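What follows is a short report on a single structure.
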Amino acid sequence: QVQLVESGGGLAQAGASLRLSCGASGRTFSMYVMAWFRQAPGKEREFVAGISGSGGTTKYADSVKGRFTISRDTAKKTVYLQMNSLKPEDTAVYYCAAVRSVQMITTTRGYEYWGQGTQVTVTS
């Protein structure tokens, strides 16, 4: 069983930066692919970024490529999402997700564990 707790959301102006954190429980953190998803009002939850268990492979949605960076700290059992050059369209609830896998997964159904979500609001 893995429990995920997100933090770091909030209100930001367009062009600003925020960093989200996701702390995980469990003893085999390095065996889990970790990802960030987001869900805006009235829209489906969508993949934002993912990182392999080793941290050696990352994947990003086209909409955030070049602006967001996902990373992980195995010792702290934490995954981060550094969000730069924020846009109003980045406004959403951001969710951390985990699955024990050797392959990168970008679909919601592929993830077994989810955090409670953290709100990010970007104003113009």
Side-chain angles (χ1 to χ4, degrees):
Q1 188 76 8
V2 175
Q3 292 185 326
L4 305 173
V5 180
E6 303 102 331
S7 61
L11 182 66
Q13 289 189 327
S17 298
L18 284 174
R19 189 177 80 157
L20 305 183
S21 299
C22 173
S25 65
R27 296 180 293 176
T28 56
F29 179 70
S30 63
M31 300 181 75
Y32 285 79
V33 169
M34 304 294 295
W36 289 95
F37 287 76
R38 67 186 181 187
Q39 188 167 19
K43 295 187 177 181
E44 293 186 353
R45 193 170 297 188
E46 64 176 1
F47 175 83
V48 175
I51 187 166
S52 62
S54 68
T57 300
T58 58
K59 188 172 179 66
Y60 297 92
D62 288 343
S63 59
V64 306
K65 205 170 291 184
R67 299 188 298 122
F68 291 10
T69 302
I70 189 170
S71 62
R72 64 192 296 158
D73 185 327
T74 299
K76 295 182 178 179
K77 295 182 181 179
T78 300
V79 63
Y80 304 97
L81 185 67
Q82 178 66 43
M83 305 185 294
N84 298 330
S85 303
L86 283 164
K87 303 177 181 180
E89 50 264 44
D90 294 320
T91 295
V93 177
Y94 283 71
Y95 296 90
C96 178
V99 63
R100 186 162 175 163
S101 173
V102 296
Q103 293 182 325
M104 184 64 64
I105 299 172
T106 61
T107 59
T108 56
R109 69 173 67 183
Y111 284 83
E112 186 174 7
Y113 302 102
W114 293 86
Q116 82 287 352
T118 185
Q119 177 71 46
V120 172
T121 303
V122 183
T123 59
S124 58

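Throughout, residue positions are numbered sequentially from 1 according to the sequence presented. Just so you know, these numbers come straight off a predicted model, no measurement behind them.
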* Structure fact -> Closest heavy-atom pair, Ser85 versus Ser17, reported as atoms and distance to 0.1 Å, is N-OG, 4.3 Å

* Shared ILVMFWY cluster between Val122 and Tyr60, side chains joined below 4.5 angstrom? -> yes

* Main-chain N/O of Val33 paired with Ser101 side-chain donor or acceptor, under 3.5 Å -> no

* Assign the ring pair Phe37 / Tyr111 to parallel, tilted or perpendicular, where the plane angle (0 to 90°) is split at 30° and 60°. => perpendicular

* Donor-acceptor pair, Glu6 side chain versus Gln116 backbone, under 3.5 Å? -> yes

* To do: Hey, could you give me the CZ/OG1 distance between Phe47 and Thr108, rounded to the nearest 0.5 Å?
  => 11.5 Å

* **Side-chain donor/acceptor of Ser30 to backbone N/O of Gly53, under 3.5 Å** => no

* To the nearest 0.5 Å, what is the distance between OG1 (Thr58) and CE (Met104)? -> 6.5 Å

* What is the distance from atom CG of Leu81 to atom OG1 of Thr118, rounded to the nearest 0.5 Å? -> 11.0 Å

* Structure fact -> Those residues at least two apart in sequence (or on a different chain) that pass side-chain contact (heavy atoms from CB on, under 4.5 Å) with Arg100 are Thr28, Met31, Tyr32

* Structure fact -> Closest non-hydrogen atoms of Ser21 and Trp36, given as atom of the first, atom of the second and distance, are O-CH2, 3.6 Å

* To do: Mark yes when over 12 heavy atoms from residues, nucleotides or ligands other than Lys65 sit less than 6.0 Å from its NZ; otherwise mark no.
  => yes

* When hydrophobic residues are tied together by side-chain contacts of less than 4.5 Å, even through go-betweens, does Leu86 share a cluster with Ile70? -> yes

* **Considering all heavy atoms, the nearest Cys22-Leu4 contact** => SG-CB, 3.9 Å

* Which is it for Phe29 and Met34 under the side chain to side chain contact (heavy atoms under 4.5 Å, CB included) test, yes or no, and what are the steps along the way? -> CA-CA 9 Å; Phe29 179 70; Met34 304 294 295; 4.0 Å; yes

* Structure fact -> In this structure, OG1 of Thr74 is separated from NZ of Lys76 (nearest 0.5 Å) by 12.0 Å

* **Shortest non-hydrogen contact from Ser124 toward Pro88** => CB-CG, 3.9 Å

* Pick from Glu44, Glu89, Glu46: which one makes a salt bridge (Lys or Arg N to Asp or Glu O under 4.0 Å) with Arg38? -> Glu46

* Structure fact -> Heavy-atom nearest pair, Val48 first then Val64, reads O-CG2, 3.5 Å

* Asked: Do the side chains of Tyr80 and Asp73 get nearer than 4.5 Å, heavy atoms only?
  -> yes

* Of the non-hydrogen atoms in Arg72 and Ile51, which two are nearest, and what is the gap between them? -> NH1-O, 3.6 Å

* Asked: Excluding sequence neighbours, so at least two apart, what forms side-chain contact (heavy atoms from CB on, under 4.5 Å) with Thr107?
  -> Ile105, Arg109

